[in-house]
There are 2 protein chains.
Amino acid sequence: MEALPLSEPVLLILLSLAERPRHGYSILKNVEEMSGGRVRLSTGTLYGAIRRLLDGRWIERFKEDDSSRGRQAYRLTSQGRQILRQEVSRLKQLTRVASLCMAPKET
Amino acid sequence: MEALPLSEPVLLILLSLAERPRHGYSILKNVEEMSGGRVRLSTGTLYGAIRRLLDGRWIERFKEDDSSRGRQAYRLTSQGRQILRQEVSRLKQLTRVASLCMAPKET
DNA sequence: TCCAATATGTCGTTGTACGACATGTCGTAT
DNA sequence: ATACGACATGTCGTACAACGACATATTGGA
């Protein structure tokens, strides 16, 4: 498995799906909420990313009981969850390094 | 000031310069070291990023006492340092959210 | 019945990352 | 002397992700 620096949009999408399966629009709103309103994904970004995540088997389609509308739910695959864990741990490592670099020098 | 999700290469370059002024090749080696050998920037990535960082006044050229060779050192501007602080705090926020999302549910 | 929110998707543009290529210097071992 | 690896800086083309703009359709409420 290669070293993969996930982009912020993709990371947030995966985190959103880590909680529970969601459909596209729900991801959009949840990402906005999670980021405190800072990140508002465009649908272009969202559905492009979903396409790539499906192709890579990081997420999969998920049948909702409420499929009354054209809604399509997605959920993490176990592989996707594993990658996400990896990525989050990379991020924590990065923040540790960052804190060291920016700490006031001396003793 | 806009919301800016820094890419990993750019973030590491800035962190490298947060410690002390460096020239290009030194950044290259330091980034590799900081990331535990995981991130090895290509020179294309490095000098492309340096160009953009100079243009945006996030970094500036810095005269080294040892300018015997063609070496050109760079350092963070105060603006660059401020943005870096912002970005690191954004990253910490992100890891906090991530931990919440991936925590085992209940109570 | 109009309108906002919900919901999904495509397309073209823009910019970044990156490998490949090009060039030159310095110090050291042969 | 010279060949070689590390040091050092840069350009170019390609591939791909992000994103705004656009297109469409449904649902619930004022």
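Proteins come first, then strands; the chains are lettered A, B, ... in the order of their sequence lines, and each starts at number 1. Side chains included, hydrogens not; waters and symmetry mates left out as well; all remaining heavy atoms used.
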Tell me whether the side-chain N/O atoms of [X] come closer than 4.0 Å to OP1 or OP2 in [N].
{"X": "Y25(B)", "N": "dC7(D)", "result": "yes"}
{"X": "R52(A)", "N": "dA17(D)", "result": "yes"}
{"X": "T45(B)", "N": "dA17(C)", "result": "no"}

### Message
Over all strands shown, is G24(B) touching base, sugar-phosphate only, or nothing at heavy-atom distances under 4.0 angstrom?
### Response
sugar-phosphate
In whole angstrom, give the distance that lies between atom [atom1] of [X] and atom [atom2] of [N].
{"X": "R61(B)", "N": "dA8(D)", "atom1": "CZ", "atom2": "P", "value": "16 Å"}
{"X": "L54(A)", "N": "dT8(C)", "atom1": "CG", "atom2": "P", "value": "12 Å"}
{"X": "L46(A)", "N": "dA21(D)", "atom1": "CG", "atom2": "C1'", "value": "16 Å"}
{"X": "I50(A)", "N": "dC19(D)", "atom1": "CD1", "atom2": "P", "value": "14 Å"}
{"X": "E32(B)", "N": "dC7(D)", "atom1": "CD", "atom2": "P", "value": "11 Å"}
{"X": "L11(B)", "N": "dT16(C)", "atom1": "CG", "atom2": "P", "value": "15 Å"}
{"X": "L28(B)", "N": "dG19(C)", "atom1": "CG", "atom2": "P", "value": "11 Å"}
{"X": "L53(A)", "N": "dC16(D)", "atom1": "CG", "atom2": "P", "value": "16 Å"}

### Message
Under a plain distance cut-off of 3.5 Å, with no hydrogens placed, do R96(B) and Q93(B) share a side-chain donor-acceptor pair?
### Response
yes
Which nucleotide wins on minimum distance to the side chain of [X], given the candidates [options]?
{"X": "L41(A)", "options": "dC19(D), dT8(C), dC18(C)", "value": "dC19(D)"}
{"X": "K29(B)", "options": "dT10(C), dC18(C), dC7(D)", "value": "dC7(D)"}
{"X": "T43(B)", "options": "dT8(C), dT16(C), dT11(D)", "value": "dT11(D)"}
{"X": "H23(B)", "options": "dT8(C), dT9(D), dA18(D)", "value": "dT9(D)"}
{"X": "Y47(A)", "options": "dA5(C), dG9(C), dA6(D)", "value": "dG9(C)"}
{"X": "Y74(B)", "options": "dT9(D), dA18(D), dG10(D)", "value": "dG10(D)"}
{"X": "S7(A)", "options": "dA18(D), dT10(C), dA17(C)", "value": "dA18(D)"}

### Query
Does some side-chain heavy atom of L100(B) sit less than 4.5 Å from a side-chain heavy atom of M34(A)?
no
### Message
With a 3.5 Å distance limit and no angle check, can you tell me whether R61(B) reaches the backbone of Q72(B) through a side-chain donor-acceptor pair?
### Response
no
### Task
To the nearest 0.5 Å, tell me how far I50(A) CD1 sits from D55(A) CG.
12.0 Å
### E33(B)/R38(B) salt bridge by N-O under 4.0 Å criterion
no
